[in-house]
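In what follows, a structure is listed as C-alpha cells, so that the remarks can point back to it.
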Number of protein chains: 2
Amino acid sequence: MISYYQCLNFIVEIIIVDTRNTTELARELGRCLIEMRNFLRQYIQAKIKEHQMDISFEMIEIMACLWNKDGINQQEIADIVIKDKSSMTYLVDNLVKRNMVSRKVDADDRRNNLIYITKEGRLLQKKLNPWILEMYETAASGIQKTKITQSIKVVKKMSENLKAEKGLVIIM
Amino acid sequence: MISYYQCLNFIVEIIIVDTRNTTELARELGRCLIEMRNFLRQYIQAKIKEHQMDISFEMIEIMACLWNKDGINQQEIADIVIKDKSSMTYLVDNLVKRNMVSRKVDADDRRNNLIYITKEGRLLQKKLNPWILEMYETAASGIQKTKITQSIKVVKKMSENLKAEKGLVIIM
DNA sequence: AATTATTAGTTTGATATCATACTATCAATG
DNA sequence: CATTGATAGTATGATATCAAACTAATAATT
C-alpha cells in the first residue's frame, strides 16, 4: 500500500513542468543518449587499455550477443547490435583472427554463417562480464527501477514513431 | 488540481514492475538509445537523398549548433555534438568546401577558429529546419512532456554516474 | 519444374571516428 | 620575464560504418 506522502511525492515530481516544448525535450533526450553511450564506450575502453587487451568495444558488443545466445548468424547479430551486415563481416573477421569465435556454415540453410564462441572466447567472457555488469551497476546506481522502465518505454515509443514514419516514406 | 483517477493512474503505472533487475534495464535502455539514434539519422538521410543534397547527417549536426549560436569555436562545437576535436577539423573542412561556414581566427585569442554561417548556410537552415522540427515532433508525438523530462533526468543521472566513476579511474 | 523474389553474406569505396602526437597560442607561477 | 602548464587546432594512421553492387542459397509463385 502506498502512503499519502508517497502519492504526494509522485504527483509533485510529475507536476514540476519544464518550460520547453516537447520537441526541444526530444532533442535534448537525443543528445543525452549520445553522451551516455559515449561514457559507456569510454568506460569499457579504459578497462581494455588498462589490461592491454587486443579487442575493441565493437567486438565486445558482438561477443556479448553470443554470450547471451551462441550459434546465431551474422544477420541476427547485426539486428541485435543495430549495425549493417557488412559491418558484421568486418567485425566477425577480426574476432575469428583473434580466435574468439568460429564461423560454421549452417547445414540446414547454407546461406547462414553460424557464429560460435571458442574456448578463448569463453575466457574473455569470464574476464569481461564482471566489468560490463559493474559498468551498468554504476550507471544505474541510485535510480529507481521503475524510472528506468519508464525511460525505456519513452525511448521505445520514439523509435516506433520514427519507424512508422519511415514506413510511410517508403510507400510514398 | 489532479483528480483521484489521475492520481490512481500515475500510481498504477508506477506499480507495474518489471521483473528484470536494474542492470538489465540499464542495458536495454542503452540498446534502445542506439536504435532511436539510428532512426533519427535515417530520417534525415532519407530527406537528404530525396532532395539530392550534398551534405551529411554529421555536417548537419554541426550546422544545427551554429543555427543556435553562431561564431563559436571548434572545441565548443565538439562539446555540443559530443565528438572528438579532430573530427571537427575534418567536418568543418568539408563544410567550408561546401561554402556553408567560414573559419575566422579569433583576434582576442588566436588559438580559436571561430565558425560563422555563410549566406548559403542560412539557405540550408531554411530548408532543413522544418525537417528537423518535423522529425522531433514525429518522435515525440503521443508522449507526455513530463515523461520525456523524466527520461532526460534518468539518462543524465546515468551519465553522471559513469562520469564520476571515470574520474576515479583517472585518480588511481 | 522454371522463374522470380527474398535472404545471408561478401566486396568495395566513401565517409566518419578517435587516439596520438604534434604546433601554436595563451595563462599561471615562480 | 622565463618556465611550465593548459588549451585550440591540425596531421596522421588505425578502425569502424554504411551504402551499393554483387554472389550464392533458399522460398514463393506461376
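By convention in this document, chain letters (A, B, ...) are assigned in the order of the sequence lines, proteins followed by strands, and residues within each chain are numbered from 1.
- A salt bridge is absent between A/K145 and B/E24; no separation between the charged side-chain nitrogens and carboxylate oxygens falls under 4.0 Å.
- Checked by distance alone, B/T89 brings no side-chain donor or acceptor within 3.5 Å of a matching partner on the base of D/dA11.
- What separates CZ of B/R41 from C1' of D/dC18 is a distance of 9 Å, to the nearest Å.
- When all heavy atoms of B/I80 and A/R31 are compared, the pair lying nearest together is O-NE, 2.9 Å.
- Whole-Å rounding puts the B/D79 CG to D/dG9 P distance at 10 Å.
- Once rounded to the nearest 0.5 Å, the distance linking CG of A/N112 with NZ of A/K104 reads 14.5 Å.
- Between the CD1 atom of A/I48 and the P atom of D/dT15 there is a distance of 13 Å, given to the nearest Å.
- Counting all heavy atoms, side chain and backbone alike, B/D70 lies closest to B/Y116 at OD1-CA, 3.4 Å.
- In this structure, B/D109 atom CG and C/dA27 atom P are separated by 6 Å, rounded to whole Å.
- Side-chain atoms of B/R103 never come within 3.5 Å of backbone atoms of B/V96 as a donor-acceptor pair (strictly under, hydrogens ignored).
- Atom CZ in B/F39 sits about 13 Å away from atom P in D/dC18, given to the nearest Å.
- Backbone-only engagement by A/R103 is indicated by non-hydrogen atom pairs under 4.0 Å involving sugar-phosphate atoms exclusively.
- Checked against C/dC18, D/dT26, C/dT17, the side chain of B/E58 finds its nearest nucleotide in C/dT17.
- Closest to the side chain of A/D84, from the set D/dC18, D/dA16, D/dA24, is D/dC18.
- Atom CD of A/E134 and atom OG of A/S141 lie 11.5 Å apart (nearest 0.5 Å).
- One cannot find a donor-acceptor pair under 3.5 Å joining the base of D/dA16 and the side-chain atoms of A/S56.
- Axis angle, first five pairs versus last five pairs of the helix from C/dA1-D/dT30 to C/dG30-D/dC1: 30°, rounded to 10°.
- OP1 or OP2 of C/dT20 sits under 4.0 Å from a side-chain N or O of A/K49.
- We find that B/E61 and B/R37 are joined by a salt bridge, their nearest charged nitrogen and carboxylate oxygen being less than 4.0 Å apart.
- Along DNA chain D, the nucleotide nearest A/D106 and the nucleotide nearest A/K85 are compared for position; the residue whose nucleotide lies closer to the 5' end is A/K85.
- What separates CG of B/L91 from C1' of D/dT17 is a distance of 14 Å, to the nearest Å.
- Contact annotation: B/K83 reaches the phosphate of C/dT17 (side-chain N/O to OP1 or OP2, under 4.0 Å).
- A/Q42 has no side-chain polar atom (N or O) that falls below the 4.0 Å cut-off from OP1 or OP2 of C/dC18.
- Here the options are B/L128, B/V101, B/L91, B/N68, the test is side chain to side chain contact (heavy atoms under 4.5 Å, CB included), and the partner is B/M63; only B/V101 passes.
- A/I77 has its CD1 atom 12 Å from the C1' atom of C/dG9, to the nearest Å.
- Residue A/N112 has no polar side-chain atom (N or O) positioned under 4.0 Å from OP1 or OP2 of C/dT7.
- Distance from the side chain of A/Q45 is smallest to C/dA19 among C/dA19, D/dA8, D/dA16.
- Atom-to-atom, CD1 of B/I115 to P of D/dG9 comes out at 7 Å; the value is rounded to the nearest Å.
- In this structure, of D/dA19, C/dT17, D/dA16, it is D/dA19 that holds the atom nearest to the side chain of A/S86.
- In this structure, A/Q74 does not reach the C/dT7 phosphate: none of its side-chain N or O atoms is under 4.0 Å from OP1 or OP2.
- A donor-acceptor contact under 3.5 Å is not formed by the side chain of B/R110 with the base of C/dT25.
- Put simply, CD1 on B/I115 and SG on B/C65 are 11.0 Å apart, with the number rounded to the nearest 0.5 Å.
- One finds a side-chain N or O of A/S87 lying less than 4.0 angstrom from the OP1 or OP2 phosphate oxygen of D/dC18.
- Applying the 4.0 Å criterion to OP1 and OP2 of C/dT10, one finds that A/N113 has a side-chain N or O inside that range.
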